[in-house]
Amino acid sequence: MAMNPSQATFLPEIHIKVLRDSGNLAVFRYGAKDGKPILALHGITSSNRLWQCFARTVTAQGYTVYAVDLRGRGQSNKLSGPFGMLTHAQDMVAVLDHLEIKKADLIGHSMGAFIVAAMASVAPTRINRAVFIDGGIPLPLPHGYTPELVLPLILGPALTRLAMTFESKEAYRNYWKSQQAFTKGWSAVMDEYVDYDLEGEAPYLKPTTNVLAVEEDSADLFGSELIEDGLRGSTEEILLLRAVRGLQNEEIPLYPEEIIHSVLTKYPKIKLVTVPDVNHYDILLEQSGANLCAEIIYGIKT
């Protein structure tokens with residue numbers, strides 16, 4: 001898979017530690033301190049490095065991205081539970097308090113969007129603008145299914161990865177390169193993204209995500225009173241960017257068109273925009289996808 005030389009890494013300016021109950025929550029600032037603040041929240045097994053391409057685009061236009069390693073992930077993976085969207089939302093309030101930011105744009109990808117929905121329920125006055133990227137909307141479970149049965153179908157490769165060990169960074173990169181989600185090519189951004197996700201010593205390197213965090217967090221992704229309150233009770237528009245393809249670049253997206261339109265009748269404040277030629281991952285991990293998000297959200301043309 002050829003490297004795209006235009007996608008150099010875009011690393012954060014500073015690492016900020018926010019003291020929580022059992023340790024520090026890691027927050028990373030992309031761009032200058034005095035920009036318009038964006039609090040960026042990653043998905044269920046991801047990290048702050050998801051936001052490199054997006055931050056490259058928006059920081060050039062006067063925004064500052066504060067990207068969090070959520071509790072149980074990245075450099076926040078030593079924080080203990082309980083997990084779940086309420087705990088994550090409380091963590092985000094603590095982050096804004098620590099940064100002395102009264103209101104910020106909240107942008108969440110995948111599970112991160114559910115945290116934004118939880119924030120709309122517990123701390124709506126801290127949100128300047130809410131944006132969901134391929135997440136945030138609970139979908140009805142098929143008849144006879146439970147979250148425990150559905151989760152492996154949706155997160156199969158990610159759950160498999162968390163149980164594995166890798167002999168080197170190169171071995172871990174090769175594991176990721178084999179995923180169909182990255183058919184547009186590899187980049188230095190992706191090298192940084194996957195390298196950052198490892199901890200331990202070779203040949204026993206493993207992903208940083210706490211499996212217990214995934215298990216506890218996943219329960220809220222199929223519907224909870226907290227999420228419903230946030231979605232139904234919002235008085236401001238919530239922008240939902242939907243990837244047109246799925247997690248492994250399949251034609252059926254995470255939010256199939258017929259189902260999402262039916263579900264959104266319950267949530268009148270959500271504005272749906274389908275993003276062309278992207279899947280659940282490369283909508284942010286590939287520069288052209290991230291640029292489309294920046295254009296839809298902020299009108300930034302590159």
Side-chain angles (χ1 to χ4, degrees), residues 1-12 26 28 40-56 67 69-70 72-77 109-112 133-135 151-211 213-214 217-218 243-251 253-254 275 277-291 293:
M1 189 176 292
M3 173 76 77
N4 182 344
S6 69
Q7 290 198 43
T9 57
F10 190 79
L11 300 180
F28 295 83
L41 312 179
H42 63 71
I44 198 165
T45 66
S46 191
S47 74
N48 81 88
R49 295 306 202 260
L50 170 77
W51 299 99
Q52 292 177 75
C53 295
F54 183 78
R56 187 202 318 273
D69 278 352
L70 296 170
R73 288 84 173 171
Q75 293 191 37
S76 303
N77 73 339
H109 173 251
S110 197
M111 187 192 80
I133 299 179
D134 221 33
L151 186 65
L153 302 177
I154 297 176
L155 293 175
L159 293 171
T160 298
R161 171 170 53 86
L162 297 184
M164 297 173 68
T165 57
F166 298 86
E167 64 181 15
S168 65
K169 288 184 176 180
E170 190 62 32
Y172 195 45
R173 290 180 183 182
N174 289 336
Y175 176 86
W176 277 85
K177 288 177 182 180
S178 69
Q179 305 299 315
Q180 291 300 309
F182 307 109
T183 57
K184 290 179 182 175
W186 201 250
S187 68
V189 165
M190 284 300 305
D191 279 344
E192 168 65 23
Y193 178 79
V194 300
D195 288 356
Y196 180 83
D197 189 44
L198 286 176
E199 65 178 1
E201 300 293 334
Y204 303 107
L205 297 166
K206 64 185 187 68
T208 59
T209 297
N210 181 337
V211 175
V214 174
D217 286 339
S218 64
V244 75
R245 292 198 296 276
L247 279 76
Q248 290 299 312
N249 207 47
E250 61 269 40
E251 290 297 321
L254 181 62
V275 184
D277 195 32
V278 296
N279 61 50
H280 182 75
Y281 289 107
D282 69 15
I283 193 171
L284 285 169
L285 281 169
E286 195 270 333
Q287 193 66 53
S288 66
N291 288 348
C293 291

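For Thr208, the side chain to side chain donor-acceptor pair (under 3.5 Å) partners at least two apart in sequence or on another chain are Asp197. The side chain to side chain donor-acceptor pair (under 3.5 Å) test applied to Lys169 returns no partner, not counting sequence neighbours. Residues forming a ring pair (Phe, Tyr, Trp, His ring centres under 6.0 Å) with Tyr196 (at least two apart in sequence, or on another chain): none.
You'll find the side chain of Arg245 reaches within 4.5 Å of the side chain of Glu251, heavy atoms only. Between Asn77 and Thr209 the shortest side-chain heavy-atom distance does not fall below 4.5 Å. Asp282 has its side chain out of reach of Met190: every pair of non-hydrogen atoms, C-beta onward, lies at least 4.5 Å apart. Between Ile44 and Ser110 the shortest side-chain heavy-atom distance does not fall below 4.5 Å. Side-chain contact check for Val214 versus Arg73: some heavy-atom pair is nearer than 4.5 Å. Under the 4.5 Å side-chain criterion, counting only non-hydrogen atoms from C-beta, Pro12 is not in contact with Gln52. Taking the side chain as every heavy atom from C-beta outward, Pro207 and Thr45 never approach each other to under 4.5 Å.
For the atom pair CZ (Phe182) and CD (Glu286), the distance works out to 11.0 Å, reported to the nearest 0.5 Å. In this structure, the separation between CE on Met164 and CG on Leu159 is 13.0 Å, given to the nearest 0.5 Å. Interatomic distance, Asn279 CG to Leu284 CG, rounded to the nearest 0.5 Å: 10.5 Å. From Trp51, atom CH2 reaches atom CG of Leu285 across 10.0 Å, with rounding to the nearest 0.5 Å. Note: Thr183 OG1 to Asn249 CG = 4.0 Å, rounded to the nearest 0.5 Å. Atom CG of Leu198 and atom OG of Ser168 lie 9.0 Å apart (nearest 0.5 Å).
At distances below 3.5 Å, at least one donor-acceptor pair connects side-chain atoms of His109 with backbone N or O atoms of His280. Side chain of Asp69 to backbone of Ser47: no donor-acceptor contact under 3.5 angstrom is found. No donor-acceptor distance shorter than 3.5 angstrom exists from the side chain of Glu192 to the backbone of Val189, with no hydrogens or angles considered. Looking only at distances, a side-chain donor or acceptor of Asn174 sits under 3.5 Å from a matching main-chain atom of Glu170. The main-chain N or O of Ala188 is never found under 3.5 Å from a side-chain atom of Thr9 such that the two would form a donor-acceptor pair. In this structure a side-chain-to-backbone donor-acceptor pair under 3.5 Å is missing from Gln180 to Gln248.
Between Met111 and Leu70, the shortest heavy-atom contact is CE-CD1, 3.7 Å. Residue Ala213 comes nearest to Gly72 through the heavy atom pair CB-CA, 4.2 Å, listed as atom of the first residue, atom of the second, then distance.
The aromatic rings of Tyr175 and Tyr172 sit parallel to each other, their planes meeting at less than 30°, with 60° as the upper class boundary. Between Tyr281 and Trp176, the ring planes are perpendicular. Angles over 60° get that label, and only those under 30° would be called parallel.
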Evaluate Asp277 against Lys184 for side-chain contact (heavy atoms from CB on, under 4.5 Å), listing each step before the verdict.
CA-CA 10 Å; Asp277 195 32; Lys184 290 179 182 175; 3.8 Å; yes
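Residue-environment remark: CD (Glu199) exceeds the threshold of 12 foreign heavy atoms within 6.0 Å.
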